[in-house]
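Residue numbering restarts at 1 for every chain, and letters A, B, ... go by the order of the sequence lines.
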Amino acid sequence: MTVQAVKGTRDILPDEARRWQRVEEMARRQFRRYGFREIRTPIFESTELFARGIGEATDIVSKEMYTFTDRGERSLTLRPENTAPVVRAAIEHHLFQRVDCERLYYIGPMFRYERPQKGRMRQFSQIGVEAFGSDAPALDAEVMEMSMVFLEGLGISAATLAVNSVGCKECRGVYREKLREALAGRVGELCVDCQRRYRENPLRILDCKVGCRRLLAHAPTLLDTLDAPCREHFEQVRGTLDLLQVPYQLDPHLVRGLDYYMRTTFEVLGASLGAQDALLGGGRYDGLVEELGGPAVPGFGFACGLDRLVLSLPEPSGPSREVPDVFVAALGDAAWERALLLVRDLRRRDLWVEWEPARGKALKSQARKADRLGARHTLFLGDEELRRGFWTLKTMEGGSQREIPSADLEGLVKELVG
RNA sequence: GUGAGUGUAGCUCAAUGGCAGAGCACCUGACUGUGGAUCAGGGGGUUGAGGGUUCGAAACCCUCCACUCACCCCA
């Protein structure tokens with residue numbers, strides 16, 4: 001067996017790469033309107049950054065990281081997400097000295113060691129945004145609104161926005177105990193996983209797919225337990241979403257898997273994605289910058305899975321692929337040399353030009369190649385054309401031919417683009 | 001990490017223990033200065049790998065590998 005792409009990675013071939021380009025262009029265009037500017041950070045970082053930023057006990061840090069030791073005995077990790085690296089970069093380069101809100105976005109590959117599945121690869125791409133410097137509820141709503149506009153711009157209309165508040169550290173501590181109380185007598189009825197969750201992180205039981213959450217039907221929700229400032233914040237977030245006329249679903253069970261989230265959390269779910277249906281997810285992380293050694297700067301952001309986004313894209317309505325403007329076919333040595341120059345000149349006029357670099361190929365095989373490439377036109381150049389000073393231009397669809405004076409490059413270009 | 005399903009030509013798939021095939025794609029010719037349609041021909045395979053059962057294995061058994069979906073978790 002020859003070498004193939006390693007498990008959980010894949011090649012994006014040219015036809016599909018065009019779809020990726022469209023997504024990235026749309027993101028850059030939309031995010032710019034909201035004042036976000038691109039930042040590019042390294043693909044690997046010190047392991048410590050993720051351990052401290054994401055949380056030691058999370059699934060990502062405890063079992064999903066690509067961690068290795070380099071020749072200088074440093075422990076490094078391929079980034080499993082990019083919020084912590086962006087915060088690290090912003091601290092390192094003093095981006096928080098600006099009085100206004102610094103807004104950044106990134107596009108690039110992330111790495112997590114998981115079993116591959118539909119919409120989930122070990123190397124996957126995210127496009128994400130981070131807005132720093134404000135804890136105002138309207139910022140949360142503004143960024144969520146932007147994410148929906150972005151998806152709509154790509155023609156993804158079936159997406160639903162789910163919103164929740166997980167409160168601050170204090171709220172969660174109180175709630176954790178309430179959940180334990182509510183389940184105290186019925187731990188045995190939980191599934192194996194949830195019995196473990198009961199001990200380690202009872203909030204995760206809310207996310208159980210097997211149905212354990214039914215035992216919590218009458219238990220208080222996290223929302224009911226929010227303290228006054230968190231409750232007020234969340235009400236204003238929802239109020240602003242209403243003002244912006246952004247439809248959303250309140251999902252009290254929405255719990256994020258990274259430790260740094262607080263207060264607002266949200267996800268956008270796509271249709272027709274199978275089990276991995278979160279197109280995009282994020283929330284507020286007011287303590288993170290400080291945790292990583294920076295000033296007390298609040299933040300709000302999200303990350304969007306590009307692989308899943310591309311899977312969700314509607315079928316393009318236009319032609320499925322781009323085709324050359326013209327194929328230049330030459331017969332004979334003298335014509336071949338003239339053709340070489342013509343190919344160069346047409347390319348300098350910004351046309352997509354194909355030809356047959358091997359001298360002396362039968363005209364028939366050149367015409368066949370033009371057809372296979374899907375060229376819109378073929379330009380024939382032989383002894384006859386050289387002697388009388390013209391080109392034979394054939395329109396492939398329909399097959400009509402006509403003669404164009406070879407001195408008139410402008411006229412030829414007009415014919416080819418028209 | 002757990003479970004299930006699937007591995008045969010470049011692609012999609014047949015062949016149920018008895019000669020490894022079809023369609024599409026590709027190449028050549030019919031057609032010496034012109035593509036597509038048609039017709040004729042051609043190249044292509046360690047049947048994922050290794051072992052076992054059998055007179056005989058693509059098929060049955062074992063091990064491994066890969067892919068797919070799901071669990072877990074997440075984008």
*asked:* By the 4.0 Å heavy-atom rule, please label A:Ala278 as base, sugar-phosphate, or nothing.
replied: sugar-phosphate

*Quantified in whole Å, what is the C1' atom distance between nucleotide B:rG18 and nucleotide B:rG42?*
29 Å

*asked:* Using the six-membered base ring of B:rG33, report whether A:Phe380 stacks on it, requiring centroids under 5.5 Å and planes under 30° apart.
replied: no

*If you look at every strand shown and take non-hydrogen atoms under 4.0 Å, does A:Lys364 touch a base, only sugar-phosphate, or nothing?*
base

*OP1 or OP2 of B:rC72 less than 4.0 angstrom from a side-chain nitrogen or oxygen of A:Arg120, does that happen here?*
no

*So what does A:Glu385 touch, heavy atoms closer than 4.0 Å: a base, only the sugar-phosphate, or nothing?*
base

*Name the nucleic acid region contacted by A:Gln276, choosing base, sugar-phosphate or nothing; use a 4.0 angstrom heavy-atom cut-off, strictly under.*
base

*Pick base, sugar-phosphate or nothing for A:Arg308, based on heavy-atom distances below 4.0 Å to the nucleic acid.*
base

*asked:* By the 4.0 Å heavy-atom rule, please label A:Lys394 as base, sugar-phosphate, or nothing.
replied: base

*Using a 4.0 Å heavy-atom cut-off across all strands, classify A:Gly119 as base, sugar-phosphate, or nothing.*
base

_Can you tell me if A:Gln117 touches the phosphate of B:rC71, counting only side-chain N or O atoms and a distance under 4.0 Å to OP1 or OP2?_
yes

*asked:* Just to verify, which of A:Phe302, A:Phe31, A:Phe36 counts as forming a ring pair (Phe, Tyr, Trp, His ring centres under 6.0 Å) with A:Tyr105?
replied: A:Phe31

*asked:* Need one value for A:Glu114: base, sugar-phosphate or nothing, where a base atom within 4.0 Å counts as base even if backbone is also close, heavy atoms only.
replied: base

